[in-house]
Amino acid sequence: MIESNFKNIKSLKEVDRVRVVLVGNPNSGKSSLFNSLTGLNQRVGNFPGVTVEKRAGSFRVNKNLKAEVIDLPGTYSLSPRSEDEQVTFDYLSDKSRNDLAEITVVIADASNLKRNMLLASQLIDLEIPVILVLNMMDIVQRNKQSIDIKGIEKELGIPVVPMTARLGKGVDVLKERIGNFEYNLPKKFVEDHESKDGLENTVHRFEKIKKLVDKNLSGEKQTRTAKVTRRIDNILIHPVWGYLIFLFILFLMFQAIFSWSNLPMDWIENGFLVFGQWLGEVLPQGVLSDLIVDGVLAGLGGIIIFIPQITLLFAFIAILEDTGYLARVSYLTDALLKRFGLNGRSIIPLLGGAACAVPAIMSARTISNKKERLLTIFVTPLISCSARIPVYTLLIALIIPAEKQLWSFNLQGIVMMGLYLLGFIAAIATSFAMKYWVKSDERSHFIMELPIYRKPRWKNVGFTIYNKVKLFLVEAGRIIIAISIVLWVLSSYGPGDQMAAIDKKYEQVEDFEGKSTQIATEKLEVSYAGHLGKAIEPAIKPLGFDWKIGIAIVTSFAAREVFVGTMATLYSVGDDEKTLSIKEKMEKARNPTTGEKVYTKATGYSLLIFYAFALQCMATVAIVVKETGGWKWPLIQLLYMGLLAYVSSFIVFQFFS
Amino acid sequence: MLDQYKSGDSLVLEEVLDPQLSIQLYCMGFLPGETIRIEKIAPFGDPFIISVEDSFVSIRRADAKKIKVKLLSI
């Protein structure tokens, strides 16, 4: 109503702030518009109570008026069918929010006008202030069609703005129209008395829309873009080539991620080494300097190093999604995934899980069937995520020489691929078993739009990568700094006077080579961390892990990549020159009683398997609690994955030793 | 029913026999009286891609069984 949304203000000239709500069908170019309006003034958060991604931002409409923007999840209509769409519906129908004047901007794909007008017409009938944006006018032109903007404006009684959001065309006009907005209640598109239930209403609505569109859209019927899309589909979703192409793209993706990221990763690693050395020299000697260099910096370096890989993975997924290819992958895989109790839409969470399980689990919201969604959420963390990359990279480098080959392929690369494959197999096998265990009488559908192909909108891709990497860095970075500090304290201090006793013991001993390392190792053993690790050693000994690994397993429950940070911190204590990388330090590690290498092949493979399967991620547990609305499923998941990891590691260790 | 036809067939949508399915399809532009086309059928007969004008949508065979259509007479 006027009262609730405009607070008795007739014109926006009387206020200095306004809220702009963006709504539209999926694939209508809503994100492009949001990005051109806000630029980097945007933040990603959650809607209260649910975990649907909420993007908000701000921009200046004119010199007197500032706008905050909310980007609602895409929806075809106001009859919600997934929880994503429910959020949009709830937000729009909430009339109690009246803190700010509010304008709803509905974005319609003008090249598919009829279908896109449904939502717009429903919004008009909610009697809220609406501006209609007709996006993708470039495609309309290319299809040799034209739209009578003024005609539609007159018939609907609301402002209509033509736009090509991809190229930023029309955005200024939209701002102008928002600035000059005056609310006059337009007449209803479909009167309430004209139809009874939702179905009849929709049919009736479309009859009217058809008339409207036929009157205002002229030009060719058979469109070029659809023809092009059909032609591309003939290849990309060909019954044979389609699958081969998909596998090839996957292969290329992972090859690129691992080979392109080598160089920047080296830079980051060396950069941190140099920086740490320099910092150690300039800072006054003492506890604080040790804490910063050995604790915080070592831990932080361990996570920043794999930003190149994460960025690349997010980039590939964003590009595949933006071009329209990802929807085809769902089509190609539905028949297969259906057999395992999943859905074609599950492929997006499963692929995304290779980057990070948290956003991947959130993207499972588009699966409307509850059972399929639960299964997808349950198995997604088994897919090897980017947080496992540093763990895998470190361990593989440690146990397999770089030059070792198998059938002229690099063995390190093969083991890495194998771990990803293992994760995927575990995921679908688990889902298959759960299919029979979780009961549901809800019918399963796979109704999914396949958007026309288009060139990636690089700006969108860029923003997606930026937001995801930022979120990851902030979330993971926070945990890692905290844990690094705790760890450093735990490994630098110990109960009683055991530490002092070691100092005393060595005071009388003459200097010998490796004396300081010897002292540090003995001290670590009697530190709090050492005691903690020793306490769990009996439980993990059958897997081939010693107490230092025990500490790392405990701390990396926060997040897997903490394993590397922990190793860095644990092995930094005592490396006075700070010239060795973690890998070199771990290579040198010897069992103090037997003098054998700690990281043997058996221990290495066992650890790899452990990290492939165990749910070592607080963030994932937290998101599953939110998504499934309780602790039941995350606890089952935690237990199941832990057990799977323990048993598999045990078998692997026994096999290799 | 839709599942009886083959890839490339142009059909007139008559009725969707499942209320939940019908509202979803209607909202995507698949309405009674519209001319729809079977664009593709995946290997082993599932799922389908159907189109109305320039909208492409994939549905499963199980759902296609509930969509009443007739062949477009030219």
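FYI, side chains are in, hydrogens and waters are out, and symmetry mates aren't considered; it's all heavy atoms of this structure. Each chain gets a letter, A, B and so on, in the order its sequence line appears, and its residues count up from 1.
Heavy-atom pairs under 4.5 Å with chain B peak, among A:N343, A:D109, A:L332, at A:N343. When B:I49, B:V52, B:D18 are compared by the number of non-hydrogen pairs under 4.5 Å with chain A, B:I49 comes out ahead. Counting heavy-atom pairs under 4.5 Å between each of B:A62, B:S51, B:P47 and chain A puts B:P47 at the top. The most heavy-atom pairs under 4.5 Å with chain A, out of B:S22, B:G29, B:P43, B:G45, come from B:P43.
Only the backbone of A:S111 comes within less than 4.5 Å of a heavy atom in chain B; its side chain stays farther off. With a 4.5 Å cut-off on non-hydrogen atoms, B:D46 touches chain A through its backbone and its side chain both. For chain B, the nearby parts of A:I447 are the backbone and the side chain; heavy atoms of each come within less than 4.5 Å. Neither the backbone nor the side chain of A:N27 comes within contact range of chain B; no heavy atom of the residue lies under 4.5 Å from a heavy atom of that chain. For B:L31, the part sitting under 4.5 Å from any heavy atom of chain A is the side chain, from C-beta outward, and nothing else.
Annotation: cation-pi geometry satisfied between A:R328 and A:Y453 (NZ/CZ under 6.0 angstrom from ring centroid, within 45° of ring axis).
Side chain of A:D148 to backbone of A:L217: no donor-acceptor contact under 3.5 angstrom is found.
Using a 4.0 Å cut-off between charged nitrogen and carboxylate oxygen, A:R345 and A:D334 do not count as a salt-bridge pair. Salt bridge status for A:R205 with A:E207: absent, with no side-chain N to carboxylate O gap under 4.0 Å.
Considering only residues two or more places apart in sequence or on other chains, A:F248 meets the ring-ring contact (aromatic ring centres under 6.0 Å, His included) condition with none of them.
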Query raised in the report: Between B:V16 and B:Y26, is a side-chain contact (heavy atoms from CB on, under 4.5 Å) present by the stated rule, with each step listed?
Result: CA-CA 9 Å; B:V16 181; B:Y26 286 6; 4.2 Å; yes
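Distance CG/A:N135 to CG/A:N112: 12.5 Å, rounded to 0.5 Å.
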